[in-house]
Amino acid sequence: MPTTIAELARMKAAGEPIAMVTCYDHASALLCQAAGMKVLLVGDSLGQVVLGHRDTLSVSVGDMVRHAAAVVRGAPDALVVGDLPFLSYTSPAQAIESAGRLMREGQVGVVKLEGGRSIAPTVRTLVDFGIPVMGHLGFTPQSSHQIGVKVQGKSAEAAAAIIADADALQAAGACAIVLELIPAALAWAITERLTIPTIGIGAGAGCSGQVQVWHDILGFSGKPPFRHTRRFGEVGAAITSALSDYAGSVADGSFPTAANAATMDEAVVTAALALADRD
Ligand SMILES: Nc1nc(=O)c2c([nH]1)NC[C@@H]1CN(c3ccc(C(=O)N[C@@H](CCC(=O)O)C(=O)O)cc3)CN21
Ligand SMILES: CC(C)C(=O)C(=O)O
Ligand SMILES: [Mg+2]
């Protein structure tokens, strides 16, 4: 049975930190399942880390549905959260349509959307129709063209706005809130104040859980890491090395060997050639 939203609430109450990681495809989901990861996020960061775009804005509901379904097929025991992409929840009605596709076709257990007080009525509508919703406050990448790519909530006024947004999301029925790139002390205060869990990324250790992007924690990128992450593996280097071994083995003839293909009696080949050349 997959992890439930009730389990997330229990973990916050019990003080057990929640580990969440992004996941975008079936092969990766199988690895998450093997590692016992309880919560996965099919993030719209897909647009950047999988599809190579500069931001998340070009991701569609169709993209999310296809990748979410692949992840759910590989990680049957995880709670899979799916991002609602940019401009797919501009009204409650559109949000129901988009979230409905993510749940029915993508088979996610929770949808996540960015925004606070302005989106709270939409969250209420989704929750009223049986769709679990995770909020996302602080640095919200779908608004990066307005707010920039930087830590949010540094002044008392900006922090108060995020607190008011968090309160509104909880009141609207959100089951958890991602807090991205906000000062640790602010994330701590919000986590203390709310009953629902907070999941931090670049928001310090005071959150109820953490979320990290797959490629960042596994060391896929050669780029210097973001401040908010840590490499727990060097998978990129391992893959590069394996690929050059493979190419070298093809080039020097050491791969494939006889064991890598089916055998056929030479007489059958001769007979086949004779048949093929017959007029
Ligand atoms: N690979 C990847 N990792 C992520 O964590 C991530 C994505 N992609 N895409 C979607 C969003 C965007 N996120 C981002 C993007 C940039 C910074 C960044 O530039 N951080 C600066 C510090 C900014 C500051 O302190 O004001 C850094 O130097 O790390 C942080 C989070 C988090 N998410
Ligand atoms: C960074 C996380 C929280 C996210 O929204 C994503 O990966 O799209
Ligand atoms: Mg996202």
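When a ligand or atom number is given, it counts from 1 through the structure's own listing order.
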Atom of Asp83 nearest the Mg ion (ligand 3) (restricted to N/O/S, atom name only):
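Result for Asp83 and the Mg ion (ligand 3): OD2.
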For the 3.5 Å polar cut-off, considering only N or O atoms, please tell me whether Ser45 and ligand 2 meet it.
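Among all N and O atoms of Ser45, at least one is under 3.5 Å from an N or O of ligand 2.
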So which protein heavy atom does [atom] come closest to, and at what separation?
| atom | value |
| --- | --- |
| atom 6 (C) of ligand 1 | Val213 CG2, 3.7 Å |
| atom 26 (O) of ligand 1 | Val151 N, 3.2 Å |
| atom 8 (N) of ligand 1 | Val49 CG1, 3.9 Å |
| atom 31 (C) of ligand 1 | His228 CE1, 3.4 Å |
| atom 1 (N) of ligand 1 | Asp216 OD1, 3.0 Å |
| atom 27 (C) of ligand 1 | Arg227 N, 3.9 Å |

Numbered atoms of ligand 2 (with element) below 4.0 Å of [X], judged on heavy atoms:
| X | result |
| --- | --- |
| Lys112 | 4 (C), 5 (O) |
| Gly43 | 6 (C), 7 (O), 8 (O) |
| Asp83 | 4 (C), 5 (O), 6 (C), 8 (O) |
| Ile201 | 1 (C) |
| Thr22 | 7 (O) |
| His136 | 3 (C), 5 (O) |

Distance-only side-chain donor-acceptor flag, His145 / Asp55, under 3.5 Å
yes
When you compare the side chains of Asp63 and Ser60, does any donor N or O come within less than 3.5 Å of an acceptor on the partner?
yes
Answer with side chain, backbone, both or neither: which part of Glu180 has a heavy atom less than 4.0 angstrom from an atom of ligand 1?
side chain
Under 4.0 Å between heavy atoms, the region of Leu41 that gets near ligand 2 turns out to be side chain
Would you say Glu114 reaches the Mg ion (ligand 3) with an N/O/S atom under 2.8 Å?
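No - counting backbone and side chain alike, Glu114 has no N, O or S atom under 2.8 Å.
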Residue selection (non-hydrogen contact nearest atom 10 (C) of ligand 1) among Gln142, Gln48, Lys150, Gln152:
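Among Gln142, Gln48, Lys150, Gln152, the closest heavy atom to atom 10 (C) of ligand 1 belongs to Gln48.
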Which option wins on minimum heavy-atom distance to atom 18 (C) of ligand 1: Phe226, Phe220, Phe139, Trp214?
Phe226
For Val149, counting its heavy atoms only, list the atoms of ligand 1 lying under 4.0 Å from any of them.
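Counting from 1, the qualifying ligand atoms are 15 (C), 16 (C), 17 (C), 18 (C), 19 (O).
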